[in-house]
Novice: 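Input: one structure, supplied below.
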Number of protein chains: 2
Amino acid sequence: MAPSSTSAGSPRRPRADAERNRTRVLDAAREVFRARGDEAQMPEVARAAGVGIGTVYRHFPSRAALIAAVGEQRQAEIVEFGRTRCLPSATAADGLAAYLEHIGEVLDAERGLSASIEAAFGSTEPTGEGRARAEDIAGQLLVRAKEEGAVREDAEVGDVVMIVCGLAAVIRYGAGDWRRYVRNACAGLRP
Amino acid sequence: MAPSSTSAGSPRRPRADAERNRTRVLDAAREVFRARGDEAQMPEVARAAGVGIGTVYRHFPSRAALIAAVGEQRQAEIVEFGRTRCLPSATAADGLAAYLEHIGEVLDAERGLSASIEAAFGSTEPTGEGRARAEDIAGQLLVRAKEEGAVREDAEVGDVVMIVCGLAAVIRYGAGDWRRYVRNACAGLRP
DNA sequence: AGCGGAACTGGAATCCGATTCCGTTTAACC
DNA sequence: GGTTAAACGGAATCGGATTCCAGTTCCGCT
């Protein structure tokens, strides 16, 4: 493919240090939020990344945006898992269950991010770049599962989205055994 | 003899104006949070209640505590509904569905409180005064529903709690049609 | 039918953390 | 090497929750 370029021509290559710092900040944020959850503060992230606060804000216009960016990374990983592990499952129902389970796993491992991912999967988010792909996987599994007769005909992707949104909350608030939640939710889609 | 208590008894009746102000603040908070959601600020509440900020803080040690207090009122109302409308249902399964539906209704009507109620139903909350009663109702319905064979034998109150927690999130983030969510969740408990 | 003082009140002051601003530094292009 | 736009750092600003306290009000007693 043609090298990346904007439509209007390339005024200048992005500075190397800028790109490096962006990555550093993102990595640091991931780590800090994992460790301290919602408590984590912007200066902490900056310090962990070894940059000034200003730099953090240069790359991410707000705390929320930073969290969202980290969340999107996660989403990407989830999508990847879904494509490689769940779509090829023997039965689509199993694949869907594994998909949900994996999402739970990720959220559980990074409690601090739950809120963000919750939000990302909720409808608040404007873009939905990665979300669309995540939903696409769920959609494919759902279609196949219907063909297999393992899922009610009237089930929709939206139902899965709501399950995920709920899952995030269950994990975030530690409302109970989230694996049970996933199992029940799957059962709720059966004919 | 004079009934004056010596040690642990009631040192004094709470001052009338204090109680009045507490109520005013609580009512104002309910209204302000309903109208403006999470955005609502403490000074707004104080103004709406016609008291100073200090007074708000005298009665509720923090913003979170105030929100929690409002949430508990809601919880009480939900419990009341559960007792009078759901427990007497023809079938326990219907009662349970109605209970969940009602919770959804309340949360939907007051988007701004969703977060608090979510939290109150999650395990974050220490007390669980009203929550215990809310769970008790769910528990009774669950037992009866099992007897009726409308719910799986291994279903627990915890499962319902998770459903409610998820429901709150679905509504809060507008993740989809929450009535469908409730229907699916109920289906997930069937044998 | 008034007094003493604890409890309550209002709002100014404080604190804390996100966000902005701007002089300085650096990498890309010539 | 020189020019310049972009990126950097961190001090300053801003917004909103929370604390503090001097003044006021009710309660219990006489």
Side-chain angles (χ1 to χ4, degrees), chain A residues 3-6 8-29 32-33 35-70 112 115-116 119, chain B residues 1-29 32-33 35-71 112 115-116 119:
Chain A
S4 63
S5 66
T6 49
S10 52
R12 196 177 270 221
R13 174 149 40 103
R15 266 171 62 162
D17 60 342
E19 214 152 342
R20 179 163 36 75
N21 277 338
R22 189 194 159 81
T23 308
R24 274 194 195 172
V25 169
L26 206 48
D27 288 350
V32 171
F33 280 116
R36 307 227 311 127
D38 252 347
E39 311 285 84
Q41 297 165 202
M42 297 301 268
E44 276 182 271
V45 173
R47 219 173 310 126
V51 305
I53 304 178
T55 299
V56 174
Y57 275 89
R58 161 162 310 277
H59 294 291
F60 305 94
S62 72
R63 185 186 142 95
L66 175 57
I67 293 178
V70 177
S116 72
Chain B
M1 291 305 291
S4 63
S5 57
T6 33
S7 55
S10 53
R12 196 179 271 219
R13 175 149 41 101
R15 265 170 65 163
D17 60 341
E19 212 151 345
R20 179 162 37 75
N21 276 339
R22 189 194 158 81
T23 307
R24 273 193 195 172
V25 169
L26 206 49
D27 288 349
V32 171
F33 280 116
R36 306 227 313 124
D38 252 346
E39 311 286 83
Q41 296 166 203
M42 297 302 268
E44 275 183 271
V45 173
R47 219 173 310 126
V51 304
I53 305 178
T55 300
V56 174
Y57 275 90
R58 160 161 312 277
H59 294 292
F60 306 95
S62 71
R63 185 186 143 93
L66 175 58
I67 293 178
V70 177
S116 71

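Residue numbering restarts at 1 for every chain, and letters A, B, ... go by the order of the sequence lines. In this text the structure is predicted, and so the values were computed from the model without any measurement. What you see below is based on every heavy atom in this structure, not just the backbone, and it leaves out hydrogens, waters and symmetry mates.
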Novice: Ignoring the backbone of Ser62(A), work out which of dT19(C), dA7(C), dG9(D) is nearest its side chain.
Specialist: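 Of dT19(C), dA7(C), dG9(D), dT19(C) is nearest to the side chain of Ser62(A).
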
Novice: Locate the shortest heavy-atom distance separating Ala18(B) from His59(B); write the atom from each residue and the value.
Specialist: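 Closest pair (atom of Ala18(B), atom of His59(B), distance): O-CE1, 3.3 Å.
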
Novice: Determine: side-chain N/O of His59(A) to OP1/OP2 of dC8(D), distance under 4.0 Å, yes or no.
Specialist: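 Indeed, a polar side-chain atom of His59(A) lies that close.
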
Novice: For Val45(A), which of Ile53(A), Val70(A), Val32(A) qualifies under side chain to side chain contact (heavy atoms under 4.5 Å, CB included)?
Specialist: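 When side chain to side chain contact (heavy atoms under 4.5 Å, CB included) is applied between Val45(A) and each of Ile53(A), Val70(A), Val32(A), only Val32(A) qualifies.
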
Novice: Which comes earlier along DNA chain D counting from the 5' end, the contact point of Gly54(A) or that of Pro14(A), where each point is its nearest nucleotide?
Specialist: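 Going by which nucleotide is closer to the 5' end, it is Pro14(A).
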
Novice: Of all the heavy-atom pairs spanning Ala65(A) and Phe60(A), show the shortest one and how long it is.
Specialist: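 Smallest interatomic distance, heavy atoms only, reads O-CD2, 4.4 Å.
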
Novice: Atom OH of Tyr57(A) to atom P of dA18(C): distance rounded to whole Å?
Specialist: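 Taking OH of Tyr57(A) and P of dA18(C), I get 6 Å after rounding.
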
Novice: Given atom CD of Glu19(B) and atom P of dC26(D), what is their separation to the nearest angstrom?
Specialist: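 Going from Glu19(B) (CD) to dC26(D) (P), I get 14 Å.
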
Novice: Mind listing the residues from residues 42-50 of chain B sitting with a heavy atom below 4.0 Å of DNA chain D? Number order is fine.
Specialist: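 Going residue by residue through residues 42-50 of chain B, the ones with a heavy atom under 4.0 Å of DNA chain D turn out to be Met42(B), Pro43(B).
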
Novice: Please pick, from dT18(D), dG10(C), dC8(C), the nucleotide with the shortest atom-to-atom distance to any side-chain atom of Val51(B).
Specialist: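 Looking only at side-chain atoms, Val51(B) lies closest to dG10(C).
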
Novice: Specify the separation, in whole Å, of atom CD1 of Ile53(A) and atom C1' of dA11(D).
Specialist: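 Between C1' of dA11(D) and CD1 of Ile53(A): 9 Å.
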
Novice: Using whole Å, what does the distance between atom C1' of nucleotide dC8(C) and atom CZ of Phe60(B) come to?
Specialist: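 Atom CZ in Phe60(B) sits about 15 Å away from atom C1' in dC8(C).
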
Novice: Tell me: CZ of Arg20(B) to C1' of dT25(D), nearest whole Å?
Specialist: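 Rounded to whole Å, this separation is 11 Å.
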
Novice: Between Ser62(B) and Tyr57(B), which heavy-atom pair has the shortest distance, and what is it?
Specialist: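 It is CA-CE2, 4.0 Å.
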
Novice: May I have the distance from Arg63(A) (atom CZ) to dG15(D) (atom P), rounded to whole angstrom?
Specialist: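 For the pair Arg63(A) CZ and dG15(D) P, the rounded distance is 19 Å.
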
Novice: Taking atom P of dA7(D) as reference, at what distance in whole Å does atom CZ of Arg13(A) sit?
Specialist: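 Answer to the nearest Å: 13 Å.
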
Novice: Can you tell me how far apart CZ (Arg47(A)) and CD (Gln41(A)) are? Round to the nearest 0.5 Å.
Specialist: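 Atom-to-atom, Arg47(A):CZ and Gln41(A):CD are 8.5 Å apart.
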
Novice: Check this one for me: any side-chain N or O of Thr55(A) less than 4.0 Å away from OP1 or OP2 of dG9(D)?
Specialist: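 For Thr55(A), the contact criterion (side-chain N or O under 4.0 Å from OP1 or OP2 of dG9(D)) is met.
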
Novice: Nearest whole Å is fine: how far is dA5(D) P from Arg15(A) CZ?
Specialist: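 That distance rounds to 13 Å.
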
Novice: With rounding to the nearest 0.5 angstrom, report the OG1 to CZ distance, Thr55(A) to Arg24(A).
Specialist: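 Nearest 0.5 Å value for the OG1-CZ distance: 10.5 Å.
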
Novice: Quick check for you: among dT9(C), dC8(D), dA7(D), whose closest atom lies nearest to any side-chain atom of Asn21(A)?
Specialist: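 Among dT9(C), dC8(D), dA7(D), the one nearest the side chain of Asn21(A) is dC8(D).
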
Novice: Salt bridge (charged side-chain N to carboxylate O under 4.0 Å, His left out): which pairs involve residues 50-65 of chain A, sequence neighbours left out?
Specialist: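 Those involving residues 50-65 of chain A are Asp38(A)-Arg63(A).
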
Novice: Select from Arg58(A) and Gln41(A) the residue whose nearest nucleotide in DNA chain C is closer to the 5' end of that strand.
Specialist: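 Closer to the 5' end of DNA chain C: Gln41(A).
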
